[in-house]
Amino acid sequence: MSASEPLLRVEDLRVEFPGEDGVVYAVDGITYEVHSGRTLGIVGESGSGKTVSSLTTLGLTRRQGARISGRILFEGEDLVALPEDRLRAIRGNDIAMVFQDPLSSLHPLYRVGAQIVQAVRAHRDVSKAQARERAIELLGLVGIPDPARRIDEYPHEFSGGMRQRAMIAMALVNEPKLLIADEPTTALDVTVQAQILALMERLQRELGMAIVIITHDLGVVAEMADEIAVMYAGRIVETASTARLFSAPEHPYTWGLLKSIPRLDAPREEDLVPIPGTPPSLINRPPGCHFHPRCPYAQPDHARIDPRLEPVSDEPGHHVACLLEADVRRRLWAHLRAGGTPEQALAAVGLPGAPV
Amino acid sequence: MIRYIIRRLLWGVLLLIVVAALMFVLFRILPTGNPALLRAGRDPQPKLVKEIEVVLGLNKSLPTQFWDYLKEVFLHFKFGYSYYNQEEVRSLIAERLPATLSLTIGAALLWIVGGLGVGVISALRRHSLLDRFAMGTALVLISAPEFWLGLVFLYLFASDIGIVKILPGAGSYAGLTSDPWKWFTSLIMPWIVLASGSAAVFARLMRSSLGEAMKEDYIRTARAKGLPERHVARQGVRAAINPIVTLFGLEVGALLGGAILVEYVFNIPGIGELNYKAIQSSDFPVTQGTVLLASMFIILANIVVDVAYAYLDPRVRYS
């Protein structure tokens, strides 16, 4: 991590939605930072608050009646406190966003080019012809063949991958300093996924922007991210450099994520281990550690004590929110990494098993 | 596209023939009274009735009568002569068409602009006082029949019988060319009364359609691009308008039906009033002429709607 000022620093961000059934604690005090030219991956299951946190960065949860506290410092300015018109000048200009489903995220009744031209003219005082030139240039940059012709087509005339390229072109047309990509490849075919990720990496090198990539797919962040934050039930439970997170993860939830994806270098007979249970309701969250009902290593007092995100002793930038002793975690992971099941790891470490 | 339009027009003509046949069945076979008997006066001689039947062509067989009628209408555009006063139906209609067009076109403009405008404001300011008031009013207007609403307006605002005497009342209609100011003022109340029902339907539909559109992902994208909220709303309206266009064709029918009542209440010498009187006096040629004219407008409106659809939504293509 560079020592300079971060481009984006989110401090103790909380986003709550008051609703009929109770308050939804979508984001519950998260802190992270992103530096220029770097990529942060935010990983978690659906409903872990990863999308809400990024929409809040752009101020897009305000009109949904969200209660927002904490700070979102972008180049030293607090976006949470910024009035709507100032925030609008930043949206799509300094911070741009790419969404999950490019078909529903593009307006079906406007030509692709017109939608990019809108993005240019929202922030630049240029003629339609100039904006159109810029749109053609960007469509070419993201690898759309014959952009001068295809700019006048409608989204339904594009393939899925082409649509996402067009979305990326639209996001990058004003050369943002930060690109937030929310599950940018989830709705795409696997081969197209790889193309889109490679495209984003290339454009990041060329334009020098920072990227926050939000995904449930560890494969995507392994490819793209420099740092990773793992979210669970509205909180960050572990954050580390990508290499460190894959080699020495500390949180049982991260272990679960890693053990539930297939690996080519693992022995064939090693089974995938899914994480038992489902993510908790964000209205009635479990007491203590929010993960304890699904954690195979949970101890009785974990249902009472709320863990804090604390630094891992030997590695700067590695933080974890877990109530297990550090050396117990190391030994558990050593067994899991060697191909052991959670039960075998528990027995080897000598911890009593948790009732699941 | 041209082929599509031609095909639709041919189907439209076929539909008009079906309408003509239905009208024929309704008036000749169902017992509405023998037109010759109605014209023969009190206590008629059977001989006189027979003579009138010959004059009106009622002595021929029903298929022959129908065939003669179709030939006249579809090949020569003649609707025959009124049983009542022997005037040519075509000239009767031509005489009264300007009044009906004045009424319906003005009401349609008011209906579309008013209905959509109120609907857009209601959708964008959902649950505001303005929205509640507009939707409450719309509910009342949808429920109120035109003849009742017309009488209420006359009672409230007509210069002769009204409480607040500000607008010309029933029977004050003047042609656009003879007295434009009187034409305009005499039509204000009929326009409002005729437009209100359709406008209320459109306002409620626009409110829900735009409300749905504003929740779409592409609206979130528009906001994420940093577009001003006014432009974001415009993109929502653009998407919300399509389902409403479909309803336009149907509402044209409702508007023409309403025109009959409004012309009657406000005593406007139009097609509706002509039709009303013709039905009352079993004046078959006049009834048939006016109904066919109205059917033609409805069929044309629906073809226009379908063609407009292809222009409004690039995903729709006709072949």
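Because only heavy atoms are used, hydrogens play no part in the values below, and waters and symmetry mates are left out as well, while side chains stay in. All figures in this text were calculated on a predicted structure; none of them were measured in a lab. Chain letters run A, B, ... following the sequence lines, proteins first and then strands; every chain starts at 1.
With chain B as partner, the option from A/Q118, A/R111, A/M97 having the largest number of non-hydrogen pairs under 4.5 angstrom is A/Q118. Contacts with chain B were tallied for A/A89, A/P108, A/P176; A/P108 has the most, counting heavy-atom pairs under 4.5 Å. Counting heavy-atom pairs closer than 4.5 Å to chain A, the top residue among B/L227, B/I219, B/N242, B/D313 is B/L227. When the candidates A/G59, A/G92, A/S104, A/A96 are compared by the number of heavy-atom contacts under 4.5 Å with chain B, A/S104 comes out ahead.
With a 4.5 angstrom heavy-atom cutoff, B/E216 does not touch chain A via any of its atoms. Both the backbone and the side chain of A/L109 have a heavy atom closer than 4.5 Å to some heavy atom of chain B. Heavy atoms of B/L312 lying under 4.5 Å from chain A belong exclusively to its backbone. Residue A/R63 touches chain B through its side chain alone, counting heavy-atom pairs closer than 4.5 Å. For A/L103, no part lies near chain B; criterion is any non-hydrogen pair under 4.5 Å.
Between A/D94 and A/K177 there is a salt bridge, with a side-chain nitrogen of the basic residue lying less than 4.0 Å from a carboxylate oxygen of the acidic one. Electrostatic pairing of A/R88 and A/D85 does not count as a salt bridge here, judged by no charged N lying under 4.0 Å from a carboxylate O. Under a 4.0 Å N-O distance rule, the pair A/E183/A/K50 qualifies as a salt bridge. Salt-bridge check for A/E84 with A/R91: passed, with a basic side-chain N closer than 4.0 Å to an acidic carboxylate O. Ion pairing between a basic and an acidic side chain is recognised when a charged N comes within 4.0 Å of a carboxylate O; A/R163 and A/D101 show no such pairing.
Of residues 151-160 of chain A, those residues with a non-hydrogen atom less than 4.5 Å from any non-hydrogen atom of chain B are, in numerical order, A/Y154, A/H156.
Checked by atom type, the side-chain pair A/R124/A/Q130 shows no donor-acceptor distance below 3.5 Å.
The aromatic ring centres of B/W191 and B/F266 sit 6.0 Å or more apart.
With B/S295 as the fixed residue, the side chain to side chain contact (heavy atoms under 4.5 Å, CB included) test singles out one of B/V18, B/V19, B/T290: B/V19.
Using bins of under 30°, 30° to 60° and over 60° for the plane-to-plane angle, the ring pair A/H107/B/Y218 lands in the tilted bin.
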_With side-chain hydrogen bond (donor to acceptor under 3.5 Å, both in side chains) as the criterion, how do A/T186 and A/Q100 come out once you've worked through the C-alpha distance, each side chain's angles and the decisive distance to 0.1 Å?_
CA-CA 6 Å; A/T186 306; A/Q100 175 170 345; 4.6 Å; no
